[in-house]
Protein chains: 2
Amino acid sequence: MDKTELAQLFQLFKKYNALPVKAEEAIAAISSIITVKKNKDLQPIGHTCKTIYFINKGIARIYYFKDGIDITENFFFENNIIARVESLFTGKPSRKAIQILEDAEIVGINANQLFKLYDSFPEIERLFRKIFEAAYVETVHRIEGIQFHTAEERYKALLQEAPDILKRVPLKYVASYLGITQVSLSRIRGLK
Amino acid sequence: MDKTELAQLFQLFKKYNALPVKAEEAIAAISSIITVKKNKDLQPIGHTCKTIYFINKGIARIYYFKDGIDITENFFFENNIIARVESLFTGKPSRKAIQILEDAEIVGINANQLFKLYDSFPEIERLFRKIFEAAYVETVHRIEGIQFHTAEERYKALLQEAPDILKRVPLKYVASYLGITQVSLSRIRGLK
DNA sequence: GTGATTATTTATCATATGATAATTGAATAG
DNA sequence: CTATTCAATTATCATATGATAAATAATCAC
């Protein structure tokens, strides 16, 4: 895989743990680029997560079904890593899917091969440790945002902290992300 | 620090990534044991988390205040690791505290010294990577439990998945953990 | 043990959100 | 461009949960 197409990814790596050239090449060797059209699933429900994704361009979400209702767990924008960690770290099939919301260019890193690289490149293991530690912190922060806040508070916090989501993502997906129905979200937006 | 007092901790390590004796000794050298009485704070709000804890005996919770109201983020029982990761992994002061709910015996591991050990003992870095990956997965699972479930569903799930919490922890702490008021929890428990 | 504090339950009322349906508006395929 | 589907809003009604207060019950200090 040509390293120039991985420039954005390597830029992200530098923020966590800069890699020696050999390590970058090793990652390039197990990576590939795919383009995915809007509304397509990048990974379907029931599939075991064996790829760590990075978004060069586009938007994605992780979603699942609860009692037949589509629930968005999270959104992902450019220059971010996506993985269904509850599958990636356990080896179990995921009940969640990854869907593309805007035509996307995505880097896929083969997870099993990456985990093997951990043995020969401690810098790579450290890099991904730090990446997922940061993601973990985000997730803890998210719980705080949900617990004991009203729907309106959650909407306003989103407006404040991640207005891009509201600008670029259909509201029906935002509603379940906030833990409310689309109709409630519409009502809250209409207030004042 | 005498390794025999760390037997439970090393037992936990074996589940994730068994350590060579030298590595166990290195961890023992930066660990200490403390006993903490019920209702005492192990770590206060505003303190930067520089210690990773392990519970030999007792129960703890992480809590914080929202608009003056005490909210429980999580409970921790015997043989589990506790850390306020949003502080540990960022180096920022935590807005959360760790409180002991039953007289406890706790192992404290000096975090900065532990992170230094990562350089000389890749097995230790891997061990803690896996420990926190598992904790991350738990946290993702938790979000799913909160999003789009009614208070009654959340209570029943807790009764199913972690009945110990309801047996050993005051309900006022459980209520905020479930994201509801104590009065609502009491009402839900009274149903049927 | 006794009184004082704290936790839990019960009751009443107010309100935010869900469910459903109808309407309007936007996106898409042909 | 038009028709069709899909997304977003608005309205009405039902209900779960919050807020407050009062009554028990349990725990704790002395």
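Numbers restart at 1 for each chain; the letters A, B, ... are given by sequence-line order, proteins then strands.
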(request) Sorted by first residue and then second, give each side chain to side chain donor-acceptor pair (under 3.5 Å) pair with at least one member in residues 18-29 of chain A; sequence neighbours left out. (result) K3(A)-E24(A)
(request) Scan residues 160-168 of chain A against DNA chain D and write down, sorted by residue number, each residue with any heavy atom closer than 4.0 Å; if none is found, say none. (result) none
(request) Please name all residues satisfying salt bridge (charged side-chain N to carboxylate O under 4.0 Å, His left out) with E73(A), sequence neighbours left out, ordered by chain then number. (result) K96(A)
(message) Does this structure show an ion pair linking R129(A) with E125(A), if we count only N-O contacts that are shorter than 4.0 Å?
(response) no
(request) List, by chain and number, the other hydrophobic cluster members for Y53(B), where Ile, Leu, Val, Met, Phe, Trp and Tyr join if side-chain heavy atoms come within less than 4.5 Å, directly or indirectly. (result) I34(B), V36(B), L42(B), I55(B), I62(B), F76(B), I82(B), I98(B), I100(B), I106(B)
(request) Identify, with sequence neighbours excluded, every residue that meets ring-ring contact (aromatic ring centres under 6.0 Å, His included) alongside F54(A). (result) none
(message) So, using ring-ring contact (aromatic ring centres under 6.0 Å, His included) as the criterion, who are the partners of F121(B) when residues are at least two apart?
(response) none
(request) Using the test ring-ring contact (aromatic ring centres under 6.0 Å, His included), find all partners of Y136(A) that sit at least two apart in sequence or belong to another chain. (result) Y136(B)
(request) Kindly state each residue pair satisfying ring pair (Phe, Tyr, Trp, His ring centres under 6.0 Å) with at least one member in residues 7-45 of chain B, sequence neighbours excluded. (result) F10(B)-F13(B), F13(B)-F128(B)
(request) Sugar-phosphate atoms are those with a prime plus P, OP1 and OP2; base atoms are the rest. Using that split, label each nucleotide of nucleotides 6-24 of chain D B, S or - for protein heavy atoms under 4.0 Å, 5' to 3'. (result) -SBBBBB----BBSB----
(request) For K14(B), check side-chain contact (heavy atoms from CB on, under 4.5 Å) against everything at least two apart and list the hits. (result) Q11(B)
(request) Would you please name every residue forming a ring-ring contact (aromatic ring centres under 6.0 Å, His included) with Y173(B), sequence neighbours left out? (result) none
Taking N or O atoms only and anything under 3.5 Å, show me the protein contacts with nucleotides 22-30 of chain C, one pair per line.
{"residue": "dT28(C)", "atom": "OP1", "partner": "K38(A)", "partner atom": "NZ", "Å": "3.4"}

